[in-house]
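Letters go in sequence order (proteins before strands), and every chain restarts at 1.
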Protein chains: 2
Amino acid sequence: MSTKEDILNAAMAVFAEHGFHAGTVRDICDQAGANVAAVNYHFHDKTSLYAEVLQHAYRNAGIGEPMPLLADEPDHPAKQLGAWIAWYVRRLLHSGGTDVGRLMAREMAEPTEALDYLAKGAVQPVFMELGRLVDAACGGSLDERALKLQCVAIVGQCLVFHTGRAMLERLDPPHFGYEDADEIASHITKWALRSFDTSNVDAET
Amino acid sequence: MSTKEDILNAAMAVFAEHGFHAGTVRDICDQAGANVAAVNYHFHDKTSLYAEVLQHAYRNAGIGEPMPLLADEPDHPAKQLGAWIAWYVRRLLHSGGTDVGRLMAREMAEPTEALDYLAKGAVQPVFMELGRLVDAACGGSLDERALKLQCVAIVGQCLVFHTGRAMLERLDPPHFGYEDADEIASHITKWALRSFDTSNVDAET
DNA sequence: TCTGGATCCAAACATACGTTTTAAACATCT
DNA sequence: AGATGTTTAAAACGTATGTTTGGATCCAGA
């Protein structure tokens, strides 16, 4: 493995652990077994290194299980939506402690230009696939606005186990961890499908 | 207004904008119209100042609308749950651009000891009141585990409009802002109440 | 083997930062 | 007014950090 890759990996760990400003290039280089000047040789400066780290993290985030698509099971949209939710929850809970997840969380709290790229490249396609699945699962009965609300609601229920992890751990000792992924996913799925069954009848309000 | 308060307010703004490490005491003092040494005089050091800023922010976060309680309307738990959700969503969307919200988001991404205090003092009581409301709204038909899942699900659907704001803005031009608070809240409430109606019938799976 | 470019390293540089020092300005009380 | 304690101001200190420098080392290709 080249020194450049070593630095990239070390930088990912350090930036995830301490953030951009608190993470020092000396720490990165020590952890990579390289000299201090290596960062400025291989990458132009610390900022450029950070940008490459984010792209590196984003590329490596997709590996693992492939995302369940509506096109894979066009005749069973509800089942496939459940698979998608399970996949997403597992991904979130798993990436909770990883560098990728922490880098993403940091970017959300303090967006840089790099977030634009991540949004367009990584999040947009995932979100759109969810839109297709929800639309199919409810039989196309939702208009665009309601569809978007449903998607955000599903994502929110999954995301809270990632973004709110620090708080959940401090609120209730038996918090939700990776081992609860399937239980959580089935709960969310059940809730989502139930709401579709009655989403066209607007009796109350 | 005393210099100490000026520094506290300036520090809140600076820390919210740039975070703890990137926010400098020189920047804070300039913004407060004070001398650099003022921080170390009034507060012991930068770290102590940050701790006091968090507490200051947390204290000022509760002002505004009071939280709807189950005890206020013991006979209409569903209605009161809707009021709670509306209150919470409004609070989140409103605090999205404020210093308090950004400080909280930062603490979530990079927890310090101060988060423990915030969890116990600020979040725990809010979360417990939600638990009481959900329990009452569904007629006590949920066990502790399911109740907790429901609460987290509701909080997640609200929270995503705050934590995911940066991403939502970049995904879809017509994103959700403060003016959509009521629409969002009623959507979440409708969804939650619907799931209670059928939460005891476990036909599928 | 010689050469030229690529890579790596130890040291130094410049600067920004948190903190301390010293003294002046101010306020309060007798 | 004078003494005393509190607050502010300017300057400097020590250090950590990003970056640069100049030369050493490595490694194909002629």
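Distance from the side chain of A/T24 is smallest to D/dG18 among C/dG18, D/dT7, D/dG18. Looking at the side chain of A/A37, the nearest of the listed nucleotides C/dT20, D/dT21, D/dT19 is D/dT21. Distances were taken from every side-chain heavy atom of A/H42 (C-beta onward) to each of C/dA10, C/dT7, D/dT7; the shortest belongs to C/dT7. When distances are taken from the side chain of A/R26 to each of D/dA12, C/dT20, C/dA12, the shortest belongs to C/dA12. In the set D/dT8, D/dA12, D/dG18, D/dT8 carries the atom at the smallest distance from any side-chain atom of B/Y41.
The separation between B/D45 atom CG and C/dT21 atom P is 14 Å, rounded to whole Å. Between the CZ atom of B/F15 and the C1' atom of C/dG18 there is a distance of 11 Å, rounded to whole Å. Straight-line distance from the CD1 atom of A/I7 to the C1' atom of D/dT19: 14 Å, rounded to whole Å. Taking atom NE2 of residue A/H21 and atom P of nucleotide C/dA16, one finds them 13 Å apart after rounding to whole Å. In this entry the distance linking NE2 of B/H44 with C1' of C/dG18 reads 12 Å, nearest Å. Regarding B/F43, its CZ atom lies at a distance of 16 Å from the C1' atom of C/dT19, rounded to whole Å. Between B/N40 atom CG and D/dG14 atom P there is a gap of 17 Å when expressed in whole angstrom units. What separates CG of B/D6 from P of D/dA9 is a distance of 11 Å, to the nearest Å.
In this structure, B/G33 reaches neither bases nor backbone, as no heavy-atom distance under 4.0 Å exists between it and the strands shown.
In this structure, A/R91 does not pair ionically with A/E65, as no charged nitrogen and carboxylate oxygen lie closer than 4.0 Å.
Close to C/dT7, at under 4.0 Å from its OP1 or OP2, lies no side-chain N or O of A/T3. Checking the phosphate oxygens (OP1, OP2) of C/dA10, a side-chain nitrogen or oxygen of A/N35 falls inside 4.0 Å.
Under 3.5 Å, the side chains of B/T3 and B/D6 contain no donor-acceptor pair of N or O atoms.
Rounded to the nearest 0.5 angstrom, A/K148 NZ and B/L171 CG are separated by 10.0 Å.
Between B/I7 and B/A38, the closest heavy-atom pair is CD1-CB, 3.5 Å.
Note on ring orientation: taking the six-membered ring where Trp is involved, the planes of B/W84 and B/Y88 are parallel (angle under 30°, cut-offs 30° and 60°).
Comparing B/K4 and B/V36 by the nucleotide of DNA chain D whose heavy atom lies nearest to each, the residue mapping closer to the 5' end is B/K4.
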